[in-house]
Structures are given as structure tokens and as C-alpha cells.
Amino acid sequence: MERILESELMEEEGQVCAYAEADFEDAHSRFIALFQDMVGHKGINGYVLDLGCGYGDIAMRFARAYPRCIVHGIDGSEAMIHYGKGILREAHDIQDRVELIHGRLPEAVLPRIKYDIIISNSLLHHLPNPQVLYQVIQRYTISGAPVFIMDLKRPKTIDEARVLVETHVANEPEVLKRDFYNSLLAAFEEREVLEQLKEAKLNNLSVKVASDRHIVICGYIP
Ligand SMILES: C[S@@+](CC[C@H](N)C(=O)[O-])C[C@H]1O[C@@H](n2cnc3c(N)ncnc32)[C@H](O)[C@@H]1O
């Protein structure tokens, strides 16, 4: 099945609310657990960049898991960042270590020239040009920085995409089901990601299938 692009930024108010109210406990706690499997817990500190952070749920979870890290999350949707800032105002335990920034990649200006760690969840499939993600990684990482990206993988057929929607978001609002279905169709296959990494000269990063719908791209910047 060919890739079908979906809208790049998530700016509709209904879409942002449905996304923010959805139950991402499993997927987002798994993101942190898989990152911990890769790098462990000890000695993790410094500045972390979360690309396409949405309303910042993973940025905030990361800050709680790693108290010696400062996390900058960036997203091109003003509505997502606005929603996340509202949550952050109440999150007294981490609000001095998490900053949510409105800006579209790759042209957005970030507060730092380099970051110690880069993470990203579910941004890649939104990008018309996937090389944008890798260019940003190349530009903002220091040598040796861990990179951890999780995204959807495109099913082989429309029927498979429909089954995944019924399996994982059957009880969610229609707008979320629609977005998940469109996201599956916009996602990449494992072999396409491998080709992208080769083109970006990041082919030391590895690509793993992490579930029936997820792939993980991870490793260290040379
Ligand atoms: C599916 S959401 C994932 C949000 C968050 N990472 C999470 O896991 O909850 C994808 C996000 O990427 C953002 N996005 C898409 N293209 C972008 C770009 N070029 N620059 C910055 N953000 C972008 C969208 O606005 C959206 O909030």
C-alpha cells in the first residue's frame, strides 16, 4: 500500500482536545520504558529535545523519569503548545525543567545550539519530507547523544489498518479513530525508514519493530 499523507500540523481544536483526552498511558509509558532499556538510568542528565511534542505528555513523563534533565518540547501547532502549557502550570514538580515551544521544524529557532538527548514520538509520519526529522537531529545533537524515536508503521493493506483501528481505539471518539487511521496510512514501512537513514547518513541508528503498529529508531550519534 502506498503512503497517503495526512495534515502535517494538528491544529483543529477538536482534534487537539480529543488527542489530549485520549488514553495514551500504555504507549507513552512504553516509550519511556524502551528509552530506559536503551540507555539505563544512571548518569542521564543535560538538555533533552522532544521533536513534535504535541501537548508535552512525553516531555513531562521524561522529566519525571529523569530528574537531572531539562526538557524542551517543540511543536508546530500553537493549539497543542497552548494546551500543554495549561497542564504545566499545575505540574509544580517539573514546571521549572520543562519548556514547551511553538515552532515548525526545520526552520524553528530553538533556545539551545545543541542538545544532549533527542526524543520524538509520532512526528515522523506527519512530515511530508521525512528528511526534516533527520536534518534537525544532525543539527542539534552533540557527538554521542542518544536518539530515541518511536512512530507508527504503515500496515500492508487497508483492511489491516481497519483492524488496528478496531483493536486499539474502538472506544475513542470518532475524531481520534479518523486521525489514527489516517496516521497509519501516512506512516512509513521499516524498509523505507532504513533507506531514509542511509540517505541522512544516520545509518548507524537501528530500526526495530516494537509492536503491531510501532517502530523504534534508536542509537547514538557518532
Ligand atoms: C501525533 S502528534 C504526537 C505528539 C506527541 N509527540 C505525543 O506523542 O503525544 C504529532 C505532532 O507533530 C506536530 N508536527 C507535525 N509536523 C511538525 C513540524 N514540521 N514541526 C513541528 N511539529 C510538527 C503536530 O502538530 C503534532 O502535534
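Every number for a ligand or one of its atoms is a count from 1 in the order of the listing. As the structure is a prediction and not an experimental result, all values here were calculated from the model. Just the heavy atoms: all of them, side chains too, but no hydrogens, waters or symmetry mates, feed the values below.
Backbone and side-chain nitrogen or oxygen atoms of Y19 are examined, and one is located within less than 3.5 angstrom of a nitrogen or oxygen of ligand 1. Below 3.5 Å of separation, one finds an N or O of G52 facing an N or O of ligand 1.
Proximity to M80 (heavy-atom distance under 4.0 Å) selects the following atoms of ligand 1: 27 (O). Atoms of ligand 1 lying under 4.0 Å from any heavy atom of S77, numbered from 1 in the order shown and given with element: 25 (O). Near G103, meaning under 4.0 Å from one of its heavy atoms, ligand 1 places the atoms 21 (C). Interface atoms of ligand 1 facing L127, defined by a heavy-atom separation under 4.0 Å, are 16 (N), 19 (N).
Applying the 6.0 Å contact sphere to CD of E78 captures no more than 12 heavy atoms from other residues, nucleotides or ligands.
For atom 2 (S) of ligand 1, the closest heavy atom belonging to the protein is M10 SD, 3.5 Å. For atom 21 (C) of ligand 1, the closest non-hydrogen atom on the protein side is G76 N, 3.2 Å. With hydrogens left out, the protein atom closest to atom 10 (C) of ligand 1 is S122 O, 3.3 Å, a heavy atom. At the top of the distance list for atom 19 (N) of ligand 1, counting protein heavy atoms only, stands E8 OE2, 2.7 Å.
Residue contact annotation: H28 has a non-hydrogen atom under 4.0 Å from ligand 1. Heavy atoms of I74 stay at 4.0 angstrom or farther from ligand 1. For the pair S120 and ligand 1, no heavy-atom separation below 4.0 Å is found.
Counting heavy atoms under 4.0 Å from ligand 1, residue V132 does not touch it at all. Of all the heavy atoms of H126, the ones lying under 4.0 Å from any atom of ligand 1 belong exclusively to the side chain.
K198 has no carboxylate O lying under 4.0 Å from a charged side-chain N of E195, or vice versa, which leaves the two without a salt bridge. Taking 4.0 Å as the cut-off between side-chain N and carboxylate O, E12 and R178 count as a salt-bridged pair. With respect to R104 and E8, a salt bridge is recorded, a charged nitrogen being found less than 4.0 Å from a carboxylate O. Looking at E25 and R61, a side-chain N of the basic residue comes within less than 4.0 Å of a carboxylate O on the acidic one, giving a salt bridge. The pair E189-R154 meets the salt-bridge criterion, since a charged nitrogen lies less than 4.0 angstrom from a carboxylate oxygen.
Between D57, L105, D50, it is L105 that holds the heavy atom closest to atom 20 (N) of ligand 1. Here atom 8 (O) of ligand 1 lies nearest to N121 when heavy atoms of N121, I81, L9 are compared. The closest heavy-atom contact to atom 11 (C) of ligand 1, among the options I58, L123, D75, comes from D75.
With M1 as the fixed residue, the side-chain contact (heavy atoms from CB on, under 4.5 Å) test singles out one of T157, I158, D159: I158.
Using bins of under 30°, 30° to 60° and over 60° for the plane-to-plane angle, the ring pair Y19/F24 lands in the tilted bin.
Residues I70 and V48 form no side-chain contact, since every pair of their non-hydrogen atoms from C-beta on lies 4.5 Å or further apart.
No side-chain donor from either of H72 and Y47 sits under 3.5 Å from a side-chain acceptor of the other.
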Please assess S206 against I217 for the test side chain to side chain contact (heavy atoms under 4.5 Å, CB included), listing each intermediate value before the final yes or no.
-> CA-CA 6 Å; S206 60; I217 306 163; over 6 Å; no
